[in-house]
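Single-structure report; data block below.
We use all heavy atoms of the structure for the numbers below, so side chains are in, but hydrogens, waters and symmetry mates are not. So you know, we letter chains A, B, ... as the sequences are listed, proteins then strands, and number each from 1.
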2 protein chains.
Amino acid sequence: MTPKPIPRPTDTELEILNVLWLNGASTVKQVHEALSGGSQRGYTTVLKLMQIMSEKGLLERDERTRAHIYSAHCDEEHTQRQLMGDLLDRAFSGSASKLVMQALASREASDEELAEIRQLLNELEGESQ
Amino acid sequence: MTPKPIPRPTDTELEILNVLWLNGASTVKQVHEALSGGSQRGYTTVLKLMQIMSEKGLLERDERTRAHIYSAHCDEEHTQRQLMGDLLDRAFSGSASKLVMQALASREASDEELAEIRQLLNELEGESQ
DNA sequence: ACTTTTCTACGAAAATCTTCGTATCATTAC
DNA sequence: GTAATGATACGAAGATTTTCGTAGAAAAGT
């Protein structure tokens, strides 16, 4: 009855998802080439990873063409929220503010970014009533 | 020559670290009991995990007593920053603001938390000059 | 047609993580 | 001193992730 709980992607899987989010639906070959900066995984390694990711529900596969075309099943923001929420629970006891503190402390955000965040805070505070 | 790069803790290892941060230095027995809410791992499983974590440099071990006493090698905030930075790079292309957005969007922060974050923003903006 | 190229499928090995049973050693209780 | 208890050490199995070699099917080139 449970349809399928899509698992949290592993580090390697996330690399592949990043390519697909950036470049859109792609063949294994395209992903392998896009990845080839540094990673240096064999072609069939990437193929196998993407096949398994399909089985897990992380990717979707269009088999109508000879070179199958893969795309991410979840969009980037959804996955970001999933990973965030996970980390939040596992390492921050669910406290978003602690997490935000560490994020801002560990990386110097640009003034632009700070302004963006401030903007978001205003919106949130507005609607919290 | 490279002394030892402490690896990112796995999910299970993080559970153990959380206990040690919360309760302070502890024996395996204490950790096992603290964990026993729900996790239901055998005693020797926890023992083995903690032994391996020591080898990895995640824990420190005081063997002077019969029941060895373990403590986290890194403090909680350091580890939080490590995990944050990692996620930032792997899933957010290093953009702290995007991450903060998702954090605030995916969990409703209380007004108190929002105020805390606003406070931090003010401090950061002040010192950025 | 047939040879070469370009794919997928499959299986299996290596690496890591998680689990636990058994052995063993030290301490305490009798 | 011997037995019972409480701890660590060790080894090994299971699960998952990552890797890739080989085989075979489909397409393209000649």
Side-chain angles (χ1 to χ4, degrees), chain A residues 4-20 25-71 79 82-83 86 90-91, chain B residues 4-20 25-71 79 82-83 86 90-91:
Chain A
K4 50 173 177 183
I6 295 176
R8 167 160 56 108
T10 66
D11 287 5
T12 308
E13 287 168 347
L14 191 51
E15 282 186 54
I16 289 172
L17 287 171
N18 277 323
V19 170
L20 292 173
S26 308
T27 63
V28 173
K29 183 180 183 185
Q30 290 170 324
V31 170
H32 178 245
E33 283 166 0
L35 237 39
S36 278
S39 82
Q40 218 42 25
R41 289 182 186 93
Y43 175 85
T44 56
T45 300
V46 177
L47 170 67
K48 183 73 162 187
L49 283 168
M50 291 175 73
Q51 285 171 343
I52 291 175
M53 287 172 76
S54 292
E55 286 168 15
K56 290 183 181 178
L58 288 166
L59 299 186
E60 278 165 11
R61 172 160 77 164
D62 181 348
E63 309 185 358
R64 284 173 302 180
T65 51
R66 169 143 148 69
H68 299 171
I69 295 178
Y70 293 81
S71 54
T79 303
Q82 179 187 8
L83 293 170
D86 229 75
R90 288 188 296 106
Chain B
K4 49 172 178 181
I6 296 176
R8 169 161 54 110
T10 65
D11 287 5
T12 310
E13 288 168 347
L14 191 52
E15 280 186 56
I16 289 173
L17 287 172
N18 277 324
V19 169
L20 292 173
S26 308
T27 63
V28 174
K29 182 180 183 185
Q30 290 170 322
V31 171
H32 178 244
E33 284 166 358
L35 238 38
S36 280
S39 82
Q40 218 42 25
R41 289 179 187 93
Y43 175 85
T44 57
T45 299
V46 177
L47 170 66
K48 183 72 162 186
L49 283 169
M50 291 175 73
Q51 286 171 340
I52 291 175
M53 287 172 77
S54 293
E55 287 168 15
K56 290 184 183 177
L58 288 166
L59 299 186
E60 276 164 13
R61 171 160 78 164
D62 181 348
E63 310 185 356
R64 285 174 302 182
T65 50
R66 168 142 151 67
H68 300 172
I69 296 177
Y70 292 81
S71 54
T79 303
Q82 179 188 8
L83 293 171
D86 229 75
R90 289 188 296 104

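Heavy atoms only, all atoms of each residue included: B/V31 and B/S26 are closest at CG2-CB, 3.9 Å. Closest approach of A/P9 to A/L83, counting heavy atoms only: CD-CD2, 4.4 Å. For the pair A/L58 and A/L17, the tightest heavy-atom approach, listed with the atom from each and the gap, is O-CD2, 4.1 Å.
Considering only residues two or more places apart in sequence or on other chains, A/E33 meets the side chain to side chain donor-acceptor pair (under 3.5 Å) condition with none of them. With sequence neighbours left out, the side-chain contact (heavy atoms from CB on, under 4.5 Å) criterion links B/S54 to B/L59, B/R61, B/Y70. With sequence neighbours excluded, the residues that form a salt bridge (charged side-chain N to carboxylate O under 4.0 Å, His left out) with B/D86 are B/R8, B/R90. Residues passing the side chain to side chain donor-acceptor pair (under 3.5 Å) test with B/T44, sequence neighbours excluded: none. Residues passing the salt bridge (charged side-chain N to carboxylate O under 4.0 Å, His left out) test with B/R66: none are found, sequence neighbours excluded. Under the side-chain contact (heavy atoms from CB on, under 4.5 Å) criterion, B/A25 pairs with B/I69, B/S71, not counting sequence neighbours.
Among residue pairs with one or both ends in residues 35-58 of chain B, those qualifying as salt bridge (Lys or Arg N to Asp or Glu O under 4.0 Å) are B/E13-B/K56, B/E15-B/R41; sequence neighbours excluded. Note on residues 33-68 of chain B: pairs passing ring pair (Phe, Tyr, Trp, His ring centres under 6.0 Å), not counting sequence neighbours, are B/H32-B/Y43.
Reading DNA chain D from its 5' end, the first and the last nucleotide to sit under 4.0 Å from a heavy atom of chain B are D/dG6 to D/dA12.
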| query | What dot-bracket string describes DNA chain D from 5' to 3', counting Watson-Crick and G-U wobble pairs whose defining distances are under 3.5 Å, with [ ] for crossing pairs and | for pairs to another strand? | reply | ||||||||||||||||||||||||||||||
| request: For nucleotides 12-19 of chain C, just jot down a letter per nucleotide in 5' to 3' order: B, S or -, based on protein non-hydrogen atoms under 4.0 Å. | output: B----SBB
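Between A/Q51 and C/dA9 there is a side-chain N or O to OP1 or OP2 distance below 4.0 Å.
Between the CG atom of A/L47 and the P atom of C/dC10 there is a distance of 11 Å, rounded to whole Å. One atom, CE of A/M50, and another, P of C/dA9, lie 12 Å apart when rounded to the nearest Å. At whole-Å resolution of the value, OH in A/Y43 and C1' in C/dT6 are 8 Å apart.
For the segment residues 59-66 of chain B, the set of residues with a heavy atom within less than 4.0 Å of an atom of DNA chain D comprises B/R61, B/R66, in numerical order.
Taking 4.5 Å as the limit, every side-chain heavy atom of A/Q30 sits out of range of all side-chain heavy atoms of A/V19.
The distance from atom CG of A/L20 to atom CD of A/E60, rounded to the nearest 0.5 Å, is 11.0 Å.
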